[in-house]
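This report concerns only the one structure given below.
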Amino acid sequence: MIKKAILPVAGLGTRFLPATKASPKEMLPIIDKPLIQYAVEEALKVGIEEFLFITGKHKRAIEDHFDKAFELEERLKNAGKYELLKKINSFENLNFAYIRQKEPKGLGDAILCAKPFIQDEAFIVILSDDLIDPQYSVLQEMIKIYEEKKATIIALEEISQDEVSRYGIVSGQKINNYYIIEDLVEKPDPANAPSNLAIIGRYILTPQIFKYLEKLEPGKGGEIQLTDALRELLKESPIYGYIIKGKRYDAGEKLGYLKTLVEFALKDPEISSDFMQFLKEKLSNLQSIK
Ligand code: UTP
């Protein structure tokens with residue numbers, strides 16, 4: 001059973017500056033819920049009991065978000081706003097820990113910070129800016145493969161050729177519902193990309209990965225890249241890939257974030273019909289300008 005999840009939130013989030021100057025990208029809201037809360041809820045659904053956040057200098061915002069907000073809770077109680085109360089106090093009994101990544105040296109370095117917390121067990125990594133439709137659980141499907149293989153499992157998605165330079169890209173052989181990974185490259189040039197299968201922000205890793213992360217030199221962008229450590233690991237142990245079936249939203253960049261907001265707003269029972277009306281008017285105005 002996998003019981004621990006690592007949530008790296010120490011990146012600089014430069015694509016969202018200045019919004020991310022004093023608050024992590026992972027606190028960006030999708031309507032009324034921050035990205036990081038979706039990630040925690042996704043992990044809870046597969047039985048995760050312990051959460052480790054790898055934080056940067058914005059530790060406070062994440063910690064406060066999952067902490068008890070005594071004064072606010074009292075005010076909501078006194079005002080009889082029990083629905084809102086339920087929304088803010090559902091994390092009180094969970095086991096959260098925080099480790100600070102001293103410098104944002106890359107995702108690989110962030111994962112290495114989790115070594116003392118992990119001991120001898122497999123664990124999940126969730127990058128919360130890859131938001132996956134909450135109706136669907138890719139983690140559940142990855143865990144099934146892990147239970148059979150007892151090896152590293154990574155989530156994959158087919159992307160268009162012009163996007164390959166933004167992702168870790170793999171090549172592999174498809175067997176049943178998974179891939180046996182044969183190669184991994186971080187952010188390749190489109191001309192040299194081994195495929196258009198991108199690594200998405202869900203991983204099941206084993207403690208083996210730390211050995212490779214410890215030895216790793218900076219890679220693409222001068223960062224310690226998790227993909228590079230996986231590539232080293234692959235020389236000694238198998239890695240399996242699973243193509244996600246649900247919709248994934250790239251909320252870590254501006255256009256992707258906007259698309260995510262629109263899709264979630266259209267599904268939100270409280271605002272969807274008014275929002276749809278707004279969109280229709282906006283579109284018809286735009287068409288008349290054309
Ligand atoms: P990204 O590659 O999206 O980088 O990180 P970023 O710094 O967050 O954002 P940009 O590219 O500057 O806009 C992927 C995940 O890895 C975490 C991020 O918080 C995000 O969840 N990360 C990245 C760290 O925890 N530490 C790092 O040093 C780098």
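Indexing begins at 1, ligand by ligand and atom by atom, following the structure's order.
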- prompt: Do you reckon Ile6 sits in the same ILVMFWY cluster as Ile224, going by side-chain contacts under 4.5 Å, direct or chained?
  reply: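 Yes, same cluster.
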
Are any of the heavy atoms in [X] under 4.0 Å away from ligand 1?
X	value
Gly252	no
Glu26	yes
Asp109	no

Is any NZ, NE, NH1 or NH2 atom of the basic residue among [X] and [Y] found under 4.0 Å from an Asp or Glu carboxylate oxygen of the other?
X	Y	answer
Lys3	Glu49	yes
Glu63	Arg60	no
Glu236	Lys211	yes

Element-labelled atoms of ligand 1 that are located less than 4.0 Å from some non-hydrogen atom of [X]:
X	result
Asp129	3 (O)
Val9	19 (O), 25 (O)
Lys105	28 (O)
Ala110	24 (C), 25 (O), 26 (N)
Pro104	28 (O)

- request: Measure from NZ or CZ of Lys33 to the centre of the six-membered ring of Tyr38 and say whether it is under 6.0 Å with the direction within 45° of the ring axis.
  value: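 Positive - Lys33 is close enough to the ring of Tyr38 and near enough to its axis.
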
query: So, is the end of the Lys245 side chain (NZ or CZ) under 6.0 Å from the ring centre of Tyr242 and within 45° of the ring's axis?
result: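 Checked: cation-pi criterion met.
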
With respect to [X], determine whether any N or O atom, backbone or side chain, lies less than 3.5 Å from an N or O atom of ligand 1.
X	answer
Ile54	no
Lys25	yes
Glu103	no
Ala10	yes
Leu12	yes
Gly106	yes

field: Partner of Tyr136 by side-chain hydrogen bond (donor to acceptor under 3.5 Å, both in side chains), out of Arg248, Lys247, Glu141
entry: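 Passing option: Glu141.
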
Do [X] and [Y] have their ring centres less than 6.0 Å from each other?
X	Y	value
Phe123	Phe117	no
Phe51	Phe66	no
Phe264	Tyr249	yes

Structural part of [X] in contact with ligand 1, heavy atom criterion under 4.0 angstrom:
X	answer
Leu107	both
Pro8	both
Gln101	side chain

Could you identify the single nearest non-hydrogen protein atom to [atom] and state the distance to 0.1 Å?
atom	result
atom 2 (O) of ligand 1	Arg15 NH2, 4.3 Å
atom 24 (C) of ligand 1	Gly11 N, 3.3 Å
atom 14 (C) of ligand 1	Leu127 CD1, 4.3 Å
atom 12 (O) of ligand 1	Thr14 OG1, 2.6 Å

message: Going by the rule salt bridge (charged side-chain N to carboxylate O under 4.0 Å, His left out), which residues pair with Lys77 if we only count those two or more places apart in sequence or in a different chain?
response: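 Lys77 satisfies salt bridge (charged side-chain N to carboxylate O under 4.0 Å, His left out) with Glu74 once adjacent residues are dropped.
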
query: What are the two closest non-hydrogen atoms of Leu112 and Leu213, and how far apart are they?
result: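 In this case the closest contact between Leu112 and Leu213 is N-CD1, 3.9 Å.
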
May I have the list of side-chain donor-acceptor pairs in residues 168-180 shorter than 3.5 Å, sequence neighbours left out?
residue	atom	partner	partner atom	Å
Gln173	NE2	Glu182	OE2	3.4
Lys174	NZ	Asn176	O	3.2
Tyr178	OH	Lys149	NZ	2.8

